[in-house]
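Notes follow once the structure below has been shown.
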Amino acid sequence: DGCGHTILGPESGTLASINYPQTSPNSTVCEWEIRVKPGQRIQLKFGDVDIDDSDSCHSSYLRVHNGIGPTRTEIGKYCGFGFQMDGLITSKSNEVTVQFMSGMHTSGRGFLAAYSTTDKSDLITCLENASHFSEPEFNKYCPAGCVILFADISGTIPHGYRDSSSLCMAGIHAGVVSNTLGGQINVVISKGIPYYEGSLANNVTSKVGPLSPSLFTFKTSGCYGTLGMESGVIPDSQITASSILEWSDQTGQVNIWKPENARLKRAGPPWAAFISDEHQWLQIDLNKEKRITGIITTGSALAEYYYYVSAYRILYSDDAQKWTVYREPGMDKDKIFQGNTELYQEVRNNFIPPIIARFFRINPLKWHQKIAMKVELLGCQFSIARAPKITMPPPPPWNKNDDSSDDSVKTSLQTDKTTFTPEIKNTTVTPSVTKDVALAAVLVPVLVMVFTTLILILVCAWHWRNRKKKTEGTYDLPYWDRAGWWKGMKQFLPTKSAEHEETPVRYSSNEISHLRPREVPAMLQTESAEYAQPLVGGIVSTLHQRSTFKPEEGKEASYADLDPYNSPIQEVYHAYAEPLPVTGPEYATPIIMDMSSHPSTPLGVPSISTFKAAGNQAPPVVGTYNKLLSRTDSTSSAQAQYDTPKGQPGPAAADELLYQVPQSLAHSTVSKDE
């Protein structure tokens with residue numbers, strides 16, 4: 001009468017004293033006899049031992065024996081409050097006896113232990129949780145029987161479970177291991193989340209949980225995809241039922257709750273049986289064999305019709321004629337699955353091991369008011385590689401007295417049925433996807449090439465457009481007529497040599513002397529580019545960058561003019577300067593000419609200076625002679641260059657001269673007084 005929670009599986013199990021984890025009752029006793037397959041040994045792990053040791057383990061204790069019956073031998077006797085037992089207890093044979101004795105005491109929870117065969121490494125008990133392990137990923141073996149009422153879990157798949165949850169109980173909830181068989185779990189630890197959902201799965205209720213520092217999930221085979229009820233991959237014609245509920249409401253409208261309505265998360269009524277008894281069923285044809293790993297069910301999902309199925313069986317078949325009821329390995333009873341507890345909540349049950357079948361039936365056993373449900377199946381594709389048939393030589397002629405021919409026929413038939421071990425493909429691809437794999441393999445590369453080509457064309461067009469804009473320059477090209485287009489183009493063409501920037505344009509004295517004084521500027525102006533160049537003493541220098549002066553208003557001089565030297569004299573005024581290019585000089589380049597080689601030049605040639613006079617005095621225009629020194633003359637390169645004052649044929653006295661400082665020599669101004 002002292003036995004508590006007990007699950008003794010063929011390879012592992014869990015056992016606990018009565019009333020655990022509460023105080024065990026007085027004067028109780030329990031004895032467990034554990035057997036595994038011959039040739040194997042048993043290992044025991046105690047998760048908790050809390051037994052009164054006031055009388056030195058005399059009346060209350062836990063004892064472990066090798067073997068069963070009178071010939072058993074004691075391995076150890078244990079007691080104590082919070083007794084810690086490190087390591088495992090290993091038997092010498094395939095049989096072990098565990099005895100618990102509870103005498104008179106006032107406290108003590110008793111014990112909880114787990115066992116397995118010695119080939120199961122990393123055995124843990126149902127009390128272990130993720131916070132007991134520091135590794136980010138680890139493998140452990142969970143024993144059978146870890147669905148215990150006093151253990152809590154929070155969370156669900158795929159989001160994860162709170163770190164305070166029991167590892168093995170969460171593994172059963174996730175469908176990774178079976179409560180009847182136990183199994184290996186692969187745990188991954190990650191950062192926690194603020195909220196953990198609750199759900200009902202595999203007869204384990206997960207509660208809503210708050211924020212935690214970490215959570216854990218399980219690595220699985222990945223064969224948990226939906227098989228087509230909700231998505232419609234399974235057509236209506238492949239969903240049938242034993243009966244259909246048909247009725248008329250108060251308005252006289254006929255309502256038919258057909259089998260094709262049994263699609264999970266679909267709006268509208270569910271499937272419902274016309275008669276509610278244990279002989280009703282809902283059948284799904286998967287069109288070919290599939291690996292079915294689980295099922296999700298709900299009730300009617302209609303508030304006005306509180307119908308749902310609370311328990312059911314599963315049957316499967318390959319031909320829809322011979323049906324097999326699902327049972328767990330090693331069990332001689334049909335597996336009864338827990339269904340819904342209300343009409344809305346989704347309840348999941350997993351099949352361990354999975355079902356390999358084409359036809360799938362749900363047989364309701366318990367329900368609320370009426371049999372009504374919506375369903376989705378979980379699993380993946382299944383393929384099996386069959387062995388090639390072995391061709392046997394033809395048997396010899398049959399002889400009544402020869403028994404060997406009969407034996408050869410039997411051998412041939414037996415060989416034909418031999419197959420290789422099924423090759424499971426762990427994939428969650430739905431049937432609709434696999435039908436279009438060949439088409440997708442062709443269309444996807446073609447679409448990728450088309451989109452890539454379009455993108456390259458757009459990028460090249462954009463790049464060419466930007467490059468074209470850059471070549472146009474900062475300012476728009478000027479307009480010119482047909483007769484003077486070359487004149488406008490010349491200012492944009494590069495010069496033949498960089499030395500031209502420093503080489504002044506020279507004219508002979510004969511060319512200048514035969515012109516009237518005021519015709520020289522007009523003659524030079526007609527040969528200029530679109531922008532007027534600065535005129536000094538009738539000499540123009542070749543500028544290789546755009547002029548900083550605003551072009552004149554009115555008609556432009558061009559080669560179309562018949563007599564450019566007889567053009568009317570126009571005064572050239574430059575109202576303002578255009579902005580200089582970034583790479584150009586800050587000031588206009590002064591135009592310099594060496595007149596020393598032209599003694600016959602008349603003194604009355606007008607000169608227009610590009611330098612501003614000192615103060616407000618206007619620069620002289622008529623009757624002046626400017627002696628200009630060339631910057632290229634080596635004799636005067638170290639000397640400042642000045643304009644000659646008005647009315648003087650040569651240099652005058654120091655106190656009568658007023659010099660204007662050239663802009664290019666602003667930092668080397670020298671007074672003649674010094």
Side-chain angles (χ1 to χ4, degrees), residues 137 139-142 155-161 167-168 170-188 199-204 206 216-234 238 263-265 284-297 312 314-318 324 326-329 335 337-338 346-362 375-386 419-437 440:
E137 183 175 346
N139 293 315
K140 298 296 176 182
Y141 184 84
C142 289
T156 185
I157 55 171
H159 306 295
Y161 297 88
L167 285 171
C168 294
I172 296 171
H173 182 273
V176 178
V177 295
S178 167
N179 183 56
T180 306
L181 301 174
Q184 198 81 23
I185 58 173
N186 190 340
V187 182
V188 178
S199 63
L200 176 60
N202 299 309
N203 204 25
V204 176
S206 172
F216 64 91
T217 55
F218 301 96
K219 283 188 176 181
T220 64
S221 63
C223 188
Y224 295 97
T226 57
L227 292 182
M229 286 292 288
E230 178 185 350
S231 63
V233 172
I234 301 174
Q238 294 177 201
R263 298 181 184 273
L264 190 70
K265 298 180 181 179
I284 302 171
D285 179 9
L286 298 175
N287 199 37
K288 62 180 180 179
E289 282 188 346
K290 299 289 177 64
R291 187 171 187 241
I292 309 169
T293 59
I295 181 174
I296 301 175
T297 61
Y312 56 88
I314 296 298
L315 298 88
Y316 56 94
S317 173
D318 291 332
T324 303
Y326 182 81
R327 294 180 178 180
E328 291 181 311
K335 169 76 173 180
F337 294 91
Q338 179 183 359
E346 295 182 4
V347 177
R348 173 174 47 84
N349 282 286
N350 293 93
F351 309 126
I352 302 176
I355 297 172
I356 309 298
R358 170 181 173 179
F359 297 94
F360 186 88
R361 269 190 184 181
I362 306 167
V375 178
E376 179 61 278
L377 299 182
L378 306 176
C380 58
Q381 303 297 324
F382 173 77
S383 63
I384 181 171
R386 299 184 181 277
T419 60
F420 288 124
T421 304
E423 179 184 356
I424 307 301
K425 290 185 177 180
N426 294 329
T427 174
T428 56
V429 179
T430 57
S432 63
V433 175
T434 57
K435 294 179 181 179
D436 298 332
V437 168

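Since the model is a prediction, treat every value here as computed from it, not as a measurement.
For the atom pair CD1 of I284 and CZ of R263, the computed distance is 9.0 Å after rounding to the nearest 0.5 Å. Atom CD1 of I295 is separated from atom CG of L377 by 5.5 Å, given to the nearest 0.5 angstrom. Within the model, atoms CD1 of I234 and CE of M229 stand 6.0 Å from one another, a figure rounded to the nearest 0.5 Å. Atom CD of E289 is separated from atom CZ of F382 by 6.0 Å, given to the nearest 0.5 angstrom. We find the CZ-CG distance between R291 and L227 to be 11.5 Å, quoted to the nearest 0.5 Å.
Using a 4.5 Å cut-off on side-chain heavy atoms (C-beta onward), E137 and V187 make no contact. The shortest side-chain heavy-atom distance between E346 and L264 falls under the 4.5 Å cut-off. The shortest side-chain heavy-atom distance between I296 and V347 does not fall under the 4.5 Å cut-off. Here the side chains of L286 and Y316 are not in contact, with every heavy-atom distance at 4.5 Å or above. Between V375 and I362, the closest side-chain pair of non-hydrogen atoms falls below 4.5 Å. By the 4.5 Å heavy-atom criterion applied to side chains, T324 and L315 are not counted as neighbours.
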Apply side-chain contact (heavy atoms from CB on, under 4.5 Å) to L378 and T226, showing your working.
CA-CA 5 Å; L378 306 176; T226 57; 4.1 Å; yes

Derivation and outcome, side-chain contact (heavy atoms from CB on, under 4.5 Å), residues F216 and L167
CA-CA 9 Å; F216 64 91; L167 285 171; 3.8 Å; yes

For K335 and I314: C-alpha separation, side-chain torsions, deciding distance, then whether side-chain contact (heavy atoms from CB on, under 4.5 Å) applies.
CA-CA 8 Å; K335 169 76 173 180; I314 296 298; over 6 Å; no

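At least one donor-acceptor pair closer than 3.5 Å links the side chain of E376 to the backbone N or O of E230. For the pair T293 (side chain) and C223 (backbone), a donor-acceptor distance under 3.5 Å is present.
Every residue two or more places apart in sequence or in another chain that forms a ring-ring contact (aromatic ring centres under 6.0 Å, His included) with Y326 is listed here: F337, F351. For S178, the side chain to side chain contact (heavy atoms under 4.5 Å, CB included) partners at least two apart in sequence or on another chain are T180, L181, E328, I352. For the salt bridge (Lys or Arg N to Asp or Glu O under 4.0 Å) test, residues two or more places apart in sequence or in another chain that qualify with D285 are R358. Annotation: side chain to side chain contact (heavy atoms under 4.5 Å, CB included) contacts of N350 (sequence neighbours excluded): N202, Y224, R348. Taking the side chain to side chain donor-acceptor pair (under 3.5 Å) definition, one finds that K265 meets it with nothing, sequence neighbours left out. Here N203 pairs with Q338 under the side chain to side chain contact (heavy atoms under 4.5 Å, CB included) rule; sequence neighbours left out. S317 pairs by the side chain to side chain contact (heavy atoms under 4.5 Å, CB included) definition with D319, W323, F359, not counting sequence neighbours. T297 pairs by the side chain to side chain donor-acceptor pair (under 3.5 Å) definition with N340, not counting sequence neighbours. Considering only residues two or more places apart in sequence or on other chains, Q238 meets the side chain to side chain donor-acceptor pair (under 3.5 Å) condition with none of them.
Contact between Y161 and H173 at its shortest, heavy atoms only, is OH-ND1, 2.8 Å. A pairwise comparison of heavy atoms in F218 and A174 identifies CD1-CB, 4.0 Å as the closest pair. Contact record, S199 with T156: OG-OG1, 3.4 Å, taken as the closest heavy-atom pair.
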